[in-house]
There are 2 protein chains.
Amino acid sequence: MDIKDLDTQSFMPGLSVDNVIFGFHDNQLKVLLLACKDGKHWMLPGGYILKNESVDAAAERVLFDRTGLQKVYLQQFNVFGDPKRSSASLVKGLVKSMELDETLNHWFLQRFVTIGYYALVEYEKVKPKPDPLSLSCDWFEIDQIPRLIFDHATIIESALTAMRQHLNFQPIGLNLLPSSFPLKSLQSIYETILGKKLDRPNFNRKILSLGILDKKEKHFTGAAHKAPFLYSFRKKEYYKLLKDGIS
Amino acid sequence: MDIKDLDTQSFMPGLSVDNVIFGFHDNQLKVLLLACKDGKHWMLPGGYILKNESVDAAAERVLFDRTGLQKVYLQQFNVFGDPKRSSASLVKGLVKSMELDETLNHWFLQRFVTIGYYALVEYEKVKPKPDPLSLSCDWFEIDQIPRLIFDHATIIESALTAMRQHLNFQPIGLNLLPSSFPLKSLQSIYETILGKKLDRPNFNRKILSLGILDKKEKHFTGAAHKAPFLYSFRKKEYYKLLKDGIS
DNA sequence: TCAAAAGTGTTAGCCATACACCCATGC
DNA sequence: GCATGGGTGTATGGCTAACACTTTTGA
């Protein structure tokens with residue numbers, strides 16, 4: 001996004017995308033957020049839609065700009081279309097803190113309908129890049145989200161709910177994990193998303209019975225217990241199952 | 001929608017809603033469509049979003065204008081944001097056939113991102129009303145859809161898929177049926193949406209076990225077989241289950 | 001008495017759950 | 001050895017699919 005183009009013919013007016021980008025690290029589900037220049041608020045990575053760009057492509061572009069990643073699991077989940085979802089006074093403060101030309105108020109103060117996407121990315125591969133309008137770009141644990149602008153807290157909640165529902169039909173995980181990983185990591189992801197503990201023996205059996213994992217070598221962590229086996233996804237079977245859905 | 005307001009400050013530019021309105025009649029799932037004035041195409045009931053109106057409210061308004069119904073099951077399911085989803089030549093033909101001021105081409109020829117909703121309505125209660133830009137408003141069986149404009153066929157397909165997924169978690173049916181109905185009607189709805197035959201004994205047991213139906217009197221159709229009992233929804237329990245989801 | 005469709009009963013098999021138990025590892 | 005967490009085995013209950021059977025209705 002080039003700031004000078006904002007108030008011109010480049011973007012569709014009144015429409016935006018916001019991405020809830022999930023990563024997994026330290027057995028914790030995390031969300032990528034941007035720090036507003038007012039020093040008080042954080043926000044979801046979002047952007048506008050080029051006049052000749054598909055909405056999906058806009059979401060992919062925003063994701064790429066913030067993470068450097070392409071071709072990851074990116075799923076549209078809801079539209080947030082309340083005319084009062086943004087606050088004029090907050091917007092004015094933000095524009096001021098960004099030291100932008102005040103003519104851009106016209107752009108930022110308009111009402112936006114935003115299309116929510118959630119993305120699943122491999123935490124280690126992400127090099128978070130703040131956009132020109134933000135101070136920084138950082139990961140936050142899902143239960144330690146800071147103060148967000150507008151309805152962005154609602155959007156994250158809604159993304160989690162949507163993901164929870166998709167989880168029952170789609171083997172989510174490949175995009176959140178490195179190429180090989182212990183089953184416990186996958187289980188932790190499921191536990192975090194579903195918000196409840198799962199029985200390890202039963203989880204292992206169920207996941208393995210899907211036929212989408214390859215057993216690889218043992219992984220010695222140095223801890224005083226049995227070394228877990230690592231697994232990797234069989235991508236072909238994984239995508240086939242993604243398409244059809246589980247159970 | 002007032003035509004003369006189209007190209008003014010009344011509506012959000014580039015954004016629309018389209019409703020896939022489902023009804024149930026003659027043991028068939030039907031969709032409400034509008035006839036374009038070119039005499040060749042049909043389209044989904046859709047509309048624009050007032051500058052100070054929520055997107056959900058716009059969808060409800062469109063639904064009310066075409067059916068006279070309010071407070072029915074109306075569910076946002078997908079955004080269609082391909083910049084090439086409409087065809088300029090088709091739009092020009094349609095505007096011409098509508099005998100509108102050609103300055104309105106500016107409005108109709110812009111790129112629209114549309115937000116898809118599906119609605120479940122009680123067929124008998126609907127008095128289809130065409131909008132000022134259409135010739136008529138009629139029901140079509142789901143497997144006999146006529147030629148549609150733009151990507152509207154895709155939108156219907158997508159609505160069916162979404163509904164199929166929701167069906168497993170939500171007791172859909174109340175909004176499609178009159179206040180009392182035989183179990184067979186409900187079963188037919190499920191069969192149509194899921195696209196497969198269901199076993200009657202098992203279906204009856206499952207639905208009745210949810211505790212959302214009240215048994216009422218027998219209904220003599222005049223046919224040479226046992227008269228089926230009618231049932232009605234216990235709304236309170238129904239909505240509780242809707243909220244929590246089935247199984 | 002018969003055909004058609006409603007409704008009931010019964011069984012087998014699958015799958016989720018729960019939990020007991022064994023195994024490898026480093027201190 | 002022992003604590004720790006990985007991994008395996010197994011019994012139980014509930015749900016579902018499949019289908020045989022009974023009941024009611026009008027011709």
Side-chain angles (χ1 to χ4, degrees), chain A residues 26-28 164-165 167-171 173 177-178 180-232 241 244-247, chain B residues 26-28 164 167-171 173 177 180-232 241 244-247:
Chain A
D26 285 343
N27 261 13
Q28 286 275 349
R164 224 164 260 152
Q165 285 168 7
L167 197 59
N168 292 313
F169 295 98
Q170 305 195 336
L177 290 167
S180 61
F181 53 88
L183 280 187
K184 188 68 211 278
S185 294
L186 191 56
Q187 185 183 340
S188 296
I189 289 174
Y190 273 72
E191 288 180 338
T192 309
I193 297 176
L194 294 175
K196 65 178 179 187
K197 290 286 167 195
L198 299 174
D199 183 83
R200 185 160 40 80
N202 295 330
F203 179 82
N204 289 8
R205 249 191 305 271
K206 185 174 172 184
I207 287 292
L208 291 177
S209 75
L210 296 178
I212 55 173
L213 293 180
D214 277 329
K215 198 173 195 169
K216 310 193 72 170
E217 75 283 2
K218 281 191 182 181
H219 176 61
F220 293 83
T221 59
H225 57 75
K226 198 167 172 179
F229 282 94
L230 296 183
Y231 289 83
S232 63
L241 207 59
D244 298 346
I246 303 178
S247 100
Chain B
D26 286 342
N27 261 11
Q28 286 275 349
R164 225 163 259 152
L167 197 60
N168 292 312
F169 295 97
Q170 305 194 337
L177 290 167
S180 61
F181 53 89
L183 281 188
K184 187 66 210 277
S185 295
L186 191 55
Q187 184 183 341
S188 295
I189 289 175
Y190 273 72
E191 288 179 337
T192 309
I193 297 176
L194 294 174
K196 64 179 179 187
K197 290 286 167 195
L198 299 174
D199 182 83
R200 185 161 39 80
N202 294 331
F203 179 82
N204 288 8
R205 251 191 304 271
K206 186 174 173 182
I207 288 293
L208 291 175
S209 74
L210 297 177
I212 56 174
L213 293 180
D214 276 330
K215 198 172 194 170
K216 310 194 72 170
E217 75 283 1
K218 280 191 185 182
H219 176 62
F220 293 84
T221 59
H225 55 75
K226 199 169 172 178
F229 282 94
L230 296 183
Y231 290 83
S232 64
L241 206 59
D244 299 345
I246 304 178
S247 99

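Small disclaimer: the values here were computed from a predicted structure and weren't measured. Here is the naming used below: chain letters follow the sequence lines, and residue numbers restart at 1 for every chain.
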Return the value, rounded to whole Å, for the distance between atom NZ of B:Lys206 and atom C1' of D:dA18. 16 Å

Where along residues 191-204 of chain B does a heavy atom fall under 4.0 Å from DNA chain C? B:Arg200, B:Pro201

Length of the NZ-P vector between B:Lys226 and C:dC2, whole Å: 20 Å

Interatomic distance, A:Lys184 NZ vs D:dG7 P [rounded to whole Å]: 11 Å

I want to check something: taking the side chain as every heavy atom from C-beta on, are B:Leu213 and B:Lys215 in contact at a cut-off of under 4.5 Å? no

Nearest-nucleotide comparison on DNA chain D, the residue closer to the 5′ end among A:Tyr231 and A:Arg205: A:Tyr231

Nearest-0.5 Å distance, CZ of residue B:Phe203 to CG of residue B:Leu183: 7.0 Å

Would you jot down, in residue-number order, the residues of residues 207-224 of chain B having a non-hydrogen atom under 4.0 Å from DNA chain C? B:Ala224

Under a 4.5 Å cut-off applied to non-hydrogen side-chain atoms, are B:Ile212 and B:Tyr231 in contact? no

I need the A:Lys206 NZ to A:Gln187 CD distance, nearest 0.5 Å. 12.0 Å

Consider the side chain of B:His225, meaning its heavy atoms from C-beta on, and name the nucleotide among D:dT23, D:dG7, C:dA4 that approaches it most closely. C:dA4

Between C1' of C:dA5 and CG of B:Leu230, the distance in whole Å: 15 Å

CD1/B:Ile189 to CG/B:Leu198 distance, rounded to the nearest 0.5 angstrom? 12.0 Å

